[in-house]
Amino acid sequence: MAVIGAGIIGISSALYLKRAGLDVTVVDPLPPGSATSYGNAGMVRHDCNVPVAMPGMLRQVPGWLLNPLGPLVLRPSYALKAAPWLLQWIRAGRMDRVNSAADALCKLHEGNLACYRDLIGGDTFETLIREVGGIQIWESEASGLSDRITAEINRRQGVVTEPLSRRDLERILPGISGIAKRGLLYPNNAHTTNPHRLVTAIAERLRQAGGIFATERVLKIIPREGGGYTLMTNTANRKADIVVIAAGAWSNRLLEPLGAGLPLETERGYHLMLPTPSIELPMPLQMKNRGFALSPMEHGLRLAGTVEIAGLEAAPDERRSEILLKHARALFPDLKGGQPTIWMGYRPSLPDSVPAIGEVPKYRCLYIATGHGHTGMIGGGSTGRLLAELVIGNRPYIDPAPYSPTRF
């Protein structure tokens, strides 16, 4: 069988499938973990299971067009192409759909840490993952509608949180500026100190188990008479009885020629890595109103986040990485460090923020695992487990219906 994609979703799926006794070849033009999985904020458990689409989104669209450096921006040149997806996204912000999506995310995410421990082993897990919690920070004293919705979802799901006053923030985060008025501690959150190394650790386990890696780009999936598929790549034709598409934001390029495309859009995200930072954070922070996170990692402080709707082809806007450092210094005025590096990645996003995991409609033994948006690392291991159980026909450990590709 073949798994297309060597990010966290594809690699986790491939190792679970290999352990189930299947011969697995991972096909990707890049080494494992070198695309979108490389540059995220590193969260691997996040108790806040709220989808991106929320009530009131429609009123914000004009602002997205007018502020090219805001936390969420829609490039005017891409607005027409993005319009159908944005309409579905806005419809997904109805409260009934928000609650359904939040529950689906909660079920998928709650076992993710156990899956990573299973995939990479306890010793490697301890070197890569920190279970030290996370903090959300606001610049205003008053809570908004989305804050109240999040609080209600947290209450319903039994998520443990602790409110943090201004004095609490000063105690936990020395040097924090006066713009931080209040915070919320999620004590059960966890993060990886190196997302790329986490993916490569799983990939190494796959190699040791006999998995094969093909450094090729799949151009088209061609169904074969009698069953199975031919993968037409840039250098070969590969035959596979079972195929898993875990190609992230590029998945539709393989699905659309089959007439099986998903409402998949790219929420482009940026990061800035600051080596040898002058501050040491005890855990990741999220600046809610500015839409970015600060994560302590092995090689420095990662400032990551914001959303840009501009598709797969537009050139990166490096200002979106650079503005992250200005936001971080507004929060920590004394922040210094070495020469920063900037990066951009392509989050594969479905309108309801819930990934598509399962068999592609009308195509036997062709599976999809994509659409995780902002939660790929948070649901990578558990997605791999669920996908493998669906492929081999075991009873899934959670109900797969909320993630079915047929829901669109």
Side-chain angles (χ1 to χ4, degrees), residues 1-32 35 84 203 206-207 209-266 312 346 348 350 355-372 383-396 400-408:
M1 71 163 296
V3 175
I4 304 172
I8 188 63
I9 306 300
I11 289 295
S12 297
S13 300
L15 183 51
Y16 272 118
L17 288 161
K18 183 62 182 174
R19 288 179 175 176
L22 299 180
D23 293 328
V24 179
T25 298
V26 176
V27 187
D28 195 301
L30 296 174
L206 178 59
R207 285 192 182 92
I212 297 170
F213 290 81
T215 308
E216 300 167 18
R217 183 183 303 278
V218 178
L219 304 176
K220 190 173 184 180
I221 300 172
I222 304 171
R224 300 201 318 266
E225 288 188 16
Y229 301 89
T230 296
L231 305 186
M232 177 184 174
T233 80
N234 60 311
T235 60
N237 289 179
R238 295 185 172 274
K239 292 179 171 57
D241 293 331
I242 304 169
V243 175
V244 174
I245 303 173
W250 292 269
S251 296
N252 257 358
R253 292 185 174 179
L254 301 174
L255 290 168
E256 286 175 346
L258 300 170
L262 294 169
L264 189 69
E265 188 50 83
T266 302
L312 290 168
Y346 302 86
L350 293 165
I357 308 167
E359 197 167 30
V360 175
K362 301 181 182 179
Y363 289 92
R364 190 171 182 275
C365 295
L366 178 63
Y367 294 84
I368 184 73
T370 192
H372 293 71
T383 294
R385 177 183 174 185
L386 176 60
L387 191 282
E389 289 170 345
L390 293 173
V391 170
I392 64 179
N394 283 358
R395 182 177 179 179
Y403 320 100
S404 172
T406 63
R407 72 184 190 270
F408 297 107

Nearest atoms (heavy-atom pairs only) where A6 meets D28: N-OD2, 2.9 Å

Rounded distance (nearest 0.5 Å) linking atom CG of L219 with atom CE of M232: 5.5 Å

Spacing of I9 atom CD1 and I357 atom CD1 [to the nearest 0.5 Å]: 7.5 Å

Taking every non-hydrogen atom, the tightest pair across P29 and T215: O-CG2, 3.4 Å

Side-chain touch V24/L15, heavy atoms, less than 4.5 angstrom: no

Spacing of E216 atom CD and T235 atom OG1 [to the nearest 0.5 Å]: 3.5 Å

pair L231-I4: side-chain heavy atoms closer than 4.5 Å: yes

Where G358 and L390 come nearest, the two heavy atoms and their spacing: CA-CD1, 4.0 Å

Distance in Å, R364 CZ paired with D241 CG, rounded so as to fall on 0.5 Å steps: 10.0 Å

Residue pairs, two or more places apart or on separate chains, that pass ring-ring contact (aromatic ring centres under 6.0 Å, His included) and touch residues 211-236: none

Over 12 non-hydrogen atoms of neighbours within 6.0 angstrom of CG in D23: no

Gap separating the CD atom of E265 from the CG atom of L350, nearest 0.5 angstrom: 10.5 Å

Rounded distance (nearest 0.5 Å) linking atom OG of S251 with atom CD of E256: 10.5 Å

Residue pair G248 / T370: nearest heavy atoms and the distance that separates them: O-OG1, 3.1 Å

pair L17-V3: side-chain heavy atoms closer than 4.5 Å: yes

4.5 Å side-chain heavy-atom contact, Y367 and L387: yes

Greater than 12 external heavy atoms within 6.0 Å of R207's CZ: yes

Pairwise ring-ring contact (aromatic ring centres under 6.0 Å, His included) hits with a residue in residues 232-257, at least two apart: W250-Y346

